[in-house]
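Small disclaimer: the values here were computed from a predicted structure and weren't measured.
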Amino acid sequence: MARVRRHISVVLVAALCACVLNLVVVSRAYADELLGMAPESLSATEASKADTPEHDFVPSLMSSATDTLTSADTMSEQETSQIQGASQVQGASQAQGASQGQDTQSAAPINQLDETGENPAESDEEAPSNDDAASTDDAASTDDAASTSDDAASTDDAAPTSDDVVSTDGAGASPNDEAEAEEPTELPERIKLASQIVAETQGYDEPEDGLDIQATTLNGIDISGWQEGINTARVQGDFVIIKATEETTLRYNPSYRSMADAALKAGKLIGFYHFARDPRVYASMEAQATAFVNAVAPYLGQALLVLDWESTSYSNVEGAGPAAALKWLDTVYAKTGVRPLIYMNKGTAQSYNWSKVAQNYGLWVAQYLTENRYGQGYVDNPRRTGNYGAWGANPLIYQYSDARRISGYSSSLDVNKFYGDRAYWLSLAGGGKVVKNGWFNEDGSYYHYTNNKKDTGWLVSDTHVTGSTGYGLQRYWLNSSGVLALDTLISEKESGYWAYARPEGFVVRGLYTTDDKARTYLADNEGRLEKPGWLVTDAYGQGMQRYLIDDKTHSTVTGYHTVGDAQYYTTQAGYVARGSFVDAQGTGRVADNDGKLILSSSNSVAMERLYNPNTGEHFYTASLTERDNLIALGWRYEGIGWFAPQKSKTPVYRLYNPNAGDHHYTTNLTERKALIKLGWKDEGIGWYSDDNKEVAIYRQYNPNARVGTHNFTQSKAENNALVKAGWRAEGIGWYGIKVEAK
């Protein structure tokens, strides 16, 4: 956690020597204070942690049967009404104009896993540096209790306020500082100690590895995302305390679980801490506590729980006062039955009234005396000075350095002394007897507890089994034994309705396609799957489509399937293919507007029909590429208008009006020449008319429209409806051919 560096300078040693030579007369008390002083250049910020379109259609000359195979059907009443509406269209635009007015409806979004895994280097939290640097990953006070360096760890933002502040003597120490526990050392010995510091930091004695399970005090480290990649099993020590959360996320340490698991496997004790943020700016302390409990839930009963209470450059949490800290502590206790500890530096402990907190919650304090701070390995009995406010002189855990080298890790670490044995640690962690709330993984299955009782049935929660809130509010199904359903179909008999639990645990809402693309599930906002049979809807973000729900899987089934005497093909997107398509095997097929596959001869070409909702124009093409390009621009696909012959003696000419953005089609050479003379662009032969005149294609004219003035359809009903709406019937434009349905 927080560390602030103080180095004993040569100037300081010289000054002390001068005292011995009687050049300056000082009292022993003043010498103690002088040895603890920090360089004047160290600012308050440095002394605290900073946890710092032009028409571009390609003339659609007839291609091979494989390239032009498409799908078809007649117009629905809804589509007819769209054409009728074209009589009100007056503006001119080109085909691409539809891209600015696409009318598609998207399905309700399902929250995605948004678990934070940021690079710690991007944080305001300062990265730990080498032993010669002053920056660390958390804030703490330093040196002797009577020195000004203890106060340097408390930033200006954390200045005491209101009734929580204990008055001081101006040096940051409380009146109780008069009762310093240690007998003053002779000044010459102090000088000797100071002169040895450089030598101590140049060479380290290699400590012995291993755990001492009989020890009455324990040694350990605390780590965060700055130590990403650390092997907690290899680092010497009895315990590891790991940063789990910050505010309401796994900020900067998404590896907290792997760190803890490795330590447990090696027989070490573990703890987790939450780095608090100012609830006046960020989430409430109750919300922060809940996020922490959710994150560490699998380890409850064996992990010590801690609130890290220190201000940073971005969060003046200390200024929120002890009452805010107490809310977090009480919330965690209520949810788990475990009484957490609170971490702070000595200056913070002395500057606020922590009496209400100290009644129920122990202290982990940071104080860096130079003699403890540097070197290799743990200090057997690290010296402490003074008292720590409401907790007196004896904290539960003492963080005495941020810069010692511990066997098993290549950089300096925060090191700590726990005043108790393993049994005491586990008793503070709950001894395995905790109030279970939230998600727990037991023997490979997930359960959700409320006050030690397994929940069953439907559960609505914004907390995922991983402890993340990235998925948002979701629905989960827990069977009669409390086991969470994962990647499975949930029956109506079991839960009240058919549902499907995704591999993540929550049930499908909206459209969900399995990873192997074999099935697509459609469900409402409560997770209720659509009923078996045909479904026509635009509720799933794919426009108006037809879906066929299987009565066994309660999903759409990809590929070919037969219903009655008709055959259909369902795409990997879940809906039934209509019009021209290419199946998963690369075979071109054609289906009518209901999705029924059509058996067409090699002489037939499916004519694709599209509608521009911005201009009211209907467009016809034999080109699949042109069809798909227009759909991408916002045109509505209306299936197959009719089937044209592959070749005949009667071509249908296609023309384009560059001034109005309109297309026209005709078999009449005189009409074609007249339009070209008027400025229309000749786009060649679009398709052919059937010389056997099997299927009539009717032509209508809208006298009120400038764009979309003509419509062509094989439907006699559509022709009559448009004429009734004010269109002029212009007879038969050309002919198509008959095809058989399969």
Side-chain angles (χ1 to χ4, degrees), residues 59-65 67-76 79-80 83 578-580 590-594 596 598-611 617-624 626-627 638-656 662-675 680 682-702 708-723 727-742:
S60 55
L61 301 178
M62 300 306 297
S63 58
S64 67
D67 292 334
T68 59
L69 210 55
T70 61
S71 63
D73 201 14
T74 59
M75 293 295 292
S76 66
E79 294 165 331
T80 302
I83 300 170
R578 297 180 300 155
S580 305
V590 176
D592 66 19
N593 209 42
D594 289 329
K596 185 182 297 185
I598 295 173
L599 182 63
S600 58
S601 69
S602 60
N603 186 47
S604 66
V605 176
M607 295 303 304
E608 311 288 347
R609 169 169 163 162
L610 302 102
Y611 174 71
E617 177 187 7
H618 279 86
F619 183 75
Y620 315 88
T621 179
S623 168
L624 294 180
E626 188 169 36
R627 178 199 67 179
E638 296 186 330
I640 296 176
W642 68 92
F643 285 88
Q646 188 73 250
K647 191 78 172 178
S648 78
K649 297 179 181 179
T650 310
V652 179
Y653 300 102
R654 169 172 148 174
L655 301 102
Y656 173 69
D662 193 18
H663 283 84
H664 186 63
Y665 318 88
T666 183
T667 60
N668 190 304
L669 287 174
T670 300
E671 184 178 24
R672 174 193 180 203
K673 291 179 181 179
L675 290 176
W680 289 63
D682 183 12
E683 293 189 333
I685 298 173
W687 55 88
Y688 291 87
S689 176
D690 178 34
D691 291 336
N692 294 323
K693 300 182 178 181
E694 291 183 347
V695 178
I697 308 301
Y698 301 100
R699 164 174 162 171
Q700 306 88 38
Y701 170 69
N702 186 343
T709 56
H710 284 82
N711 182 64
F712 303 89
T713 178
Q714 69 171 333
S715 170
K716 187 66 174 179
E718 182 181 7
N719 176 82
N720 294 340
L722 291 178
V723 171
W727 292 61
R728 296 176 186 170
E730 293 190 334
I732 298 174
W734 55 82
Y735 294 88
I737 62 176
K738 293 181 179 180
V739 295
E740 297 179 5
K742 181 179 179 181

Task: Exercise: identify the closest heavy-atom pair between Gly708 and Asn702 - done: O-CB, 4.5 Å
- [ ] Check whether any side-chain heavy atom of Arg654 sits under 4.5 Å from a side-chain heavy atom of Phe619, and report yes or no.
- [x] yes
Open item on the list: According to side chain to side chain donor-acceptor pair (under 3.5 Å), who are the partners of Ser689, at least two apart in sequence or on a separate chain?
Closed with: none
Task: Qualifying residues under ring-ring contact (aromatic ring centres under 6.0 Å, His included), relative to Tyr735, sequence neighbours excluded - done: none
Open item on the list: Are the side chains of Val605 and Lys647 in contact, using a 4.5 Å heavy-atom criterion?
Closed with: no
Task: Partner residues of Asp682 under the salt bridge (Lys or Arg N to Asp or Glu O under 4.0 Å) criterion, sequence neighbours left out - done: Arg672
Task: Close side-chain approach of Trp734 and Asn668, heavy atoms under 4.5 Å - done: no
Task: Any pair counted as salt bridge (Lys or Arg N to Asp or Glu O under 4.0 Å), so long as it reaches residues 727-736, sequence neighbours left out - done: Arg699-Glu730
Open item on the list: Would you say the ring centers of Phe712 and Trp642 fall short of 6.0 Å from each other?
Closed with: no
TODO: Could you pull out all residues at least two apart from Thr650 that satisfy side chain to side chain donor-acceptor pair (under 3.5 Å)?
DONE: Asp691
Open item on the list: So, using ring-ring contact (aromatic ring centres under 6.0 Å, His included) as the criterion, who are the partners of His710 when residues are at least two apart?
Closed with: His664, Tyr701
Open item on the list: Taking the side chain as everything from C-beta on, heavy atoms only, tell me whether Ile732 gets closer than 4.5 Å to Tyr698.
Closed with: yes
Task: Side chain proximity check, Met607 to Ile697, heavy atoms < 4.5 angstrom - done: no
Open item on the list: Please verify the inter-ring angle class for His618 with Tyr611; under 30° counts as parallel, over 60° as perpendicular, anything in between as tilted.
Closed with: tilted
Open item on the list: Contact between Thr667 and Tyr653 at the side-chain level, heavy atoms closer than 4.5 Å - yes or no?
Closed with: no
